[in-house]
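Heavy-atom basis, side chains included; hydrogens, waters and symmetry copies ignored. First listed ligand is number 1; within each ligand, the first listed atom is number 1.
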Amino acid sequence: MEYDLVIRGGTVVTAVATFLADVAINGAQIAAVGLGLRGRRELDARDKLVIPGGIDPHVHLQYQLPHFRSADDFFSGTRAAALGGTTTVIDFVEPKPQQRMIAALAARRAEAEGQVVIDYGLHMTISPHEMGKLDQVPEAYAAGCASFKLYMAYGMRLTDDQLLRALQAIKQVNGLPVVHAENWDVITALVAQNLAAGRSEPCWHPHSRPALLEAEAASRLIDIATYVGTRVHIFHISCTAVVERLAEAQQRGLPVTGETCPHYLMLNEGVFLRPLPQAARYVCAPPLRTHADQLRLWLALGQGIIHIVTTDHCPFTQAEKAQNLHDYSQIPGGLPGIEARLALLYSYGVRDGYFSLNRWVEMCSTGVAQLFGLRQKGHIAPGYDADLVIFDPQKEVILTTETLHEQVDWTPYEGVTVRGWPTVTLSRGEVIAQDGEFVAQPGRGQFLRRAF
Ligand code: MN
């Protein structure tokens, strides 16, 4: 039997096994995994790893803030993702005050369609003005938004009573709540105190968002979710204090999962010692923490306390980051990172011995698919979508704005060397990136209706 395409001679790595095998593809799906498979087209993967395409369930493409819009759009952002070995992203829907959830979903899909180059899903945001729309949660779920974003910070933050009601509504449909957990009342008070005392430069940003109060918010969230009887996923964990609360909840058998991001693993608050305007680039929330926190996050990934790694990709240009150097609270928050996630975690996680190849695949792909209801994604076996990456474990890349394809004029990983980089990315059986070139058409990505 001859297949449409066979990836020959690679080391297949899944979340549970590592073995030499060919991977055969017919159409958009994996048809067979075995030895001696032949195809009308073949890709040589000798001395390479063959892994399920990365899944990044936390990105903000063309994200509109009141005064800024994130620099990557659905085309440029998903192209960079593809070149870095990511074949699925999940972005967000934010309904306007008078807009139905499914109308907002349709509008966001219209922004992505014609642009997006890999498959994508969307989380539905429940902000205070959705409290009168909780009866629409089943409709949003049925339309494919199986996860719901809740904020405990920013203008979209929910108070505890609102958090309770939102979690109840999500539980009713067996959806997954995903939550930004920080203590907004404390943050606003500390920001006001700092600004009033003239402490207005970016180095004061981490001091106004204490790790202990990130942990307090995570704990409060876990307790309210436990009372409601729902699982919950905690976004962008930055510090030891949250890891401890998460581990304790898991020891009690609670269905609580967490994620961290490459910037919390690779960087720390020392960047705020850099001169202005550079220091302003690193404003994000939760903030970068200490070196000890970085180490604890790496260990927590190895232990499985933190389940997955996402990027929270939300780039702003150097000029945008530099517009409010003397009021750090007005600097648009967010960092780029959609492209180098797999390579950073391979180089500094697998190579440095924090976790295995299989755990790397689990935290970047398989575990993400399971957590977010992506049934066709994240594994190498017959019947799964042929979203695959040929990864060269020896290829060295120095990360710079020249080597990366994110549409932003800086990277937090400038000058960082990674050893291990994708050479071929396939999405539903189609080669979309090869040897650093993006070779597919905008708009080929499909919206993924997710369900549990
Ligand atoms: Mn985010």
Original post:
Any luck finding a side-chain donor-acceptor pair between Asp293 and Thr240 under 3.5 Å?
Top reply: yes
Subject >> Proximal heteroatom of Asp312 relative to the Mn ion (ligand 1) (N/O/S) >> reply: OD1
Original post:
What angle, to the nearest 10°, do the atoms NE2 (His60) and NE2 (His58) form about the Mn ion (ligand 1)?
Top reply: 100°
Original post:
So, Asp56 and His313: side-chain donor and acceptor under 3.5 Å apart, yes or no?
Top reply: no
Original post:
So, is Cys314 placed with an N/O/S atom under 2.8 Å from the Mn ion (ligand 1), counting both backbone and side chain?
Top reply: no
Original post:
Do the ring planes of His60 and His58 sit parallel (below 30°), tilted (30 to 60°) or perpendicular (above 60°)?
Top reply: perpendicular
Subject >> Aromatic plane relationship, Trp204 with His207 - under 30° parallel, 30 to 60° tilted, over 60° perpendicular >> reply: tilted
Subject >> the Mn ion (ligand 1) contact by His180, N, O or S atom under 2.8 Å >> reply: no
